[in-house]
Amino acid sequence: MSPSSSSAAPPKVILITGCSSGIGLDAALRFKDMGWQVFATCRSEKDCAKLIKMGLESFRLDYEDEASIEAGFNEAMTRSGGRLDVLFNNGAYGIPAAVEDLPTDALRQIFEANFFGWHHLTRLALPVMFKAGGGRVIQNSSVLGFAALKVRGAYNATKFALEGLTDTMRIELHGSGVHMVLVEPGPIRTRIRENSYLQFQKWITWKGTRLEKLYRGALIPRLKQDNPPKDRFELMPDAVTDAVVHAATSTRPRIRYRITSATSIMMVLKRITSSRGFDWIARRV
């Protein structure tokens with residue numbers, strides 16, 4: 001006698017942030033195709049509406065809005081019946097500028113979006129995972145989470161902080177059944193450059209600064225490029241999704257997934273060069 005449909009195992013559940021485009025959207029579509037229940041969240045209702053038309057379950061969750069984090073998480077738990085197997089913290093942006101030109105309020109805001117909001121959402125998810133006996137929290141970090149590069153200080157700072165927090169949590173959560181996983185992409189074809197230019201325009205007063213020539217001649221033209229040429233080592237978002245799928249489904253996920261040759265090269269250089277030596281390299285990237 002064949003088992004009834006009511007005895008079939010319910011689908012696994014994943015909550016993904018930053019799904020309006022790029023890595024988040026690619027991951028949401030992949031997990032949906034795999035038969036998971038996917039909650040693909042975005043910062044804006046307009047983007048959520050687009051995802052709903054694509055057949056995804058989507059609602060607003062903005063890391064800079066604590067009320068929306070709690071409302072979004074509660075919505076996910078209502079729809080899933082209180083189940084959450086994987087949280088993929090993904091949404092983030094940069095504010096490209098020299099640190100000397102970065103207003104402190106800008107740094108506070110980017111930490112809300114790239115760090116504090118992630119922490120708040122993760123703390124909501126953990127009790128659900130503890131009750132179920134396990135789960136996965138996958139953190140989308142970056143090569144810039146361990147290798148500092150010029151005019152990326154704000155993003156560097158949030159990702160360095162994320163790496164430290166995640167490493168600590170991995171140690172603390174040992175034996176709980178919850179795995180903390182870091183994904184460290186290098187250059188990936190997403191909209192982060194376009195989104196970063198919006199933040200640059202919002203926060204940075206660059207004319208008359210010590211580095212005006214750098215902004216005018218190099219940084220701003222790069223940020224303004226429409227459909228820019230492929231960066232060296234650049235991959236498409238599906239390369240990150242491949243790692244996220246492995247982290248979500250493997251019996252023993254890796255601690256870190258280094259994606260693109262750039263990330264691997266930077267990690268080797270960090271290990272074999274002195275701090276002064278790496279600084280010399282970073283000044284030329």
Side-chain angles (χ1 to χ4, degrees), residues 17-26 42-44 46-47 62-64 90-115 117 140-162 184-237 239-240 259-263 265-266 269 278-285:
T17 62
C19 293
S20 61
S21 63
I23 294 167
L25 178 57
D26 190 83
C42 306
R43 290 167 59 108
S44 76
K46 181 179 178 181
D47 288 330
D62 182 353
Y63 283 132
E64 294 181 45
N90 167 68
Y93 59 78
I95 308 177
V99 175
E100 66 197 66
D101 299 321
L102 185 70
T104 303
D105 282 345
L107 197 58
R108 288 193 182 98
Q109 182 165 324
I110 195 173
F111 262 88
E112 289 291 344
N114 293 11
F115 183 75
N140 195 12
S141 182
S142 170
V143 60
L144 298 176
F146 62 84
L149 295 179
K150 60 181 178 286
V151 301
R152 296 168 177 86
Y155 193 78
N156 273 133
T158 62
K159 294 301 185 182
F160 268 68
L162 178 68
E184 297 172 329
I188 301 292
R189 177 60 60 134
T190 69
R191 292 188 56 82
I192 192 168
R193 188 179 299 175
E194 295 93 318
N195 294 335
S196 294
Y197 186 44
L198 295 175
Q199 296 294 329
F200 176 87
Q201 292 175 299
K202 176 180 178 180
W203 290 109
I204 306 304
T205 302
W206 57 274
K207 292 181 179 178
T209 64
R210 182 178 70 91
L211 297 174
E212 179 177 351
K213 183 178 179 181
L214 171 66
Y215 291 123
R216 188 186 301 277
L219 181 61
I220 293 174
R222 175 177 170 80
L223 293 174
K224 290 174 68 175
Q225 282 183 307
D226 184 29
N227 192 27
K230 184 178 180 180
D231 282 340
R232 185 183 300 178
F233 307 121
E234 182 179 85
L235 297 176
M236 299 303 288
V240 181
I259 304 161
T260 78
S261 298
T263 303
I265 290 168
M266 283 294 193
L269 290 173
F278 188 82
D279 284 357
W280 183 89
I281 296 167
R283 287 194 297 269
R284 286 155 179 79
V285 174

Once the angle between the rings of Tyr197 and Phe200 is folded into 0 to 90°, is it parallel (under 30°), tilted (30 to 60°) or perpendicular (over 60°)? parallel

Any salt bridge (charged side-chain N to carboxylate O under 4.0 Å, His left out) involving residues 141-161? Give me the pairs, sequence neighbours left out, ordered by first then second residue. none

Asp26: which residues meet the salt bridge (charged side-chain N to carboxylate O under 4.0 Å, His left out) condition with it, sequence neighbours left out? none

Quick one, Glu112 and Thr158 - any side-chain contact, counting heavy atoms below 4.5 Å? no

Set of residues satisfying ring-ring contact (aromatic ring centres under 6.0 Å, His included) with respect to Tyr93, sequence neighbours excluded: none

Is the backbone of Gly186 close enough, under 3.5 Å, to the side chain of Thr263 for a donor and an acceptor to pair up by distance? yes

Please report the interatomic distance CG(Leu149) to CE(Met266), rounded to the nearest 0.5 Å. 4.5 Å

To the nearest 0.5 Å, what is the distance between OG1 (Thr190) and CG (Leu25)? 12.0 Å

Which heavy atom of Pro185 sits nearest to which heavy atom of Ser141, and what is that distance? CD-O, 3.4 Å

Just verifying a value: how many Å separate Glu234 CD and Ile188 CD1, rounded to the nearest 0.5 Å? 7.5 Å

Between CD1 of Ile259 and CG of Leu235, what distance do you get to the nearest 0.5 Å? 8.5 Å

Hey, what do you get for CD (Gln225) to CD (Glu194), rounding to the nearest 0.5 Å? 10.0 Å

Using only atom types and a distance under 3.5 Å, with no angle test, would you say the side chain of Asn156 pairs donor to acceptor with the backbone of Ala147? yes

With sequence neighbours excluded, what pairs up with Asp231 under the salt bridge (charged side-chain N to carboxylate O under 4.0 Å, His left out) test? Arg193, Arg222

So, for Pro187 and Ala262, which heavy atoms are closest and what is the spacing to 0.1 Å? CD-CB, 3.7 Å

Once side chain to side chain donor-acceptor pair (under 3.5 Å) is applied, what residue pairs with a partner in residues 206-218 remain, sequence neighbours excluded? Glu100-Arg210, Asp101-Tyr215, Glu212-Arg216

Do Thr260 and Val143 have side chains that get closer than 4.5 Å, going by heavy atoms? no

With respect to Trp203, which candidate in Asp105, Leu198, Leu102, Leu107 satisfies the side chain to side chain contact (heavy atoms under 4.5 Å, CB included) definition? Asp105

Enter the distance from Ile23:CD1 to Thr17:OG1 here, rounded to the nearest 0.5 Å. 11.0 Å

Sequence-distant partners of Arg283, salt bridge (charged side-chain N to carboxylate O under 4.0 Å, His left out), two or more places apart: none

Check for a donor-acceptor pair, side chain of Ser20 on one end and backbone N or O of Asp47 on the other, with a separation under 3.5 Å. no

Considering non-hydrogen atoms only, spot the tightest contact between Ile204 and Ala97 and give its length. CD1-CB, 3.5 Å

Checking Ser142 against Tyr155: is there a side-chain donor and acceptor pair closer than 3.5 Å? no

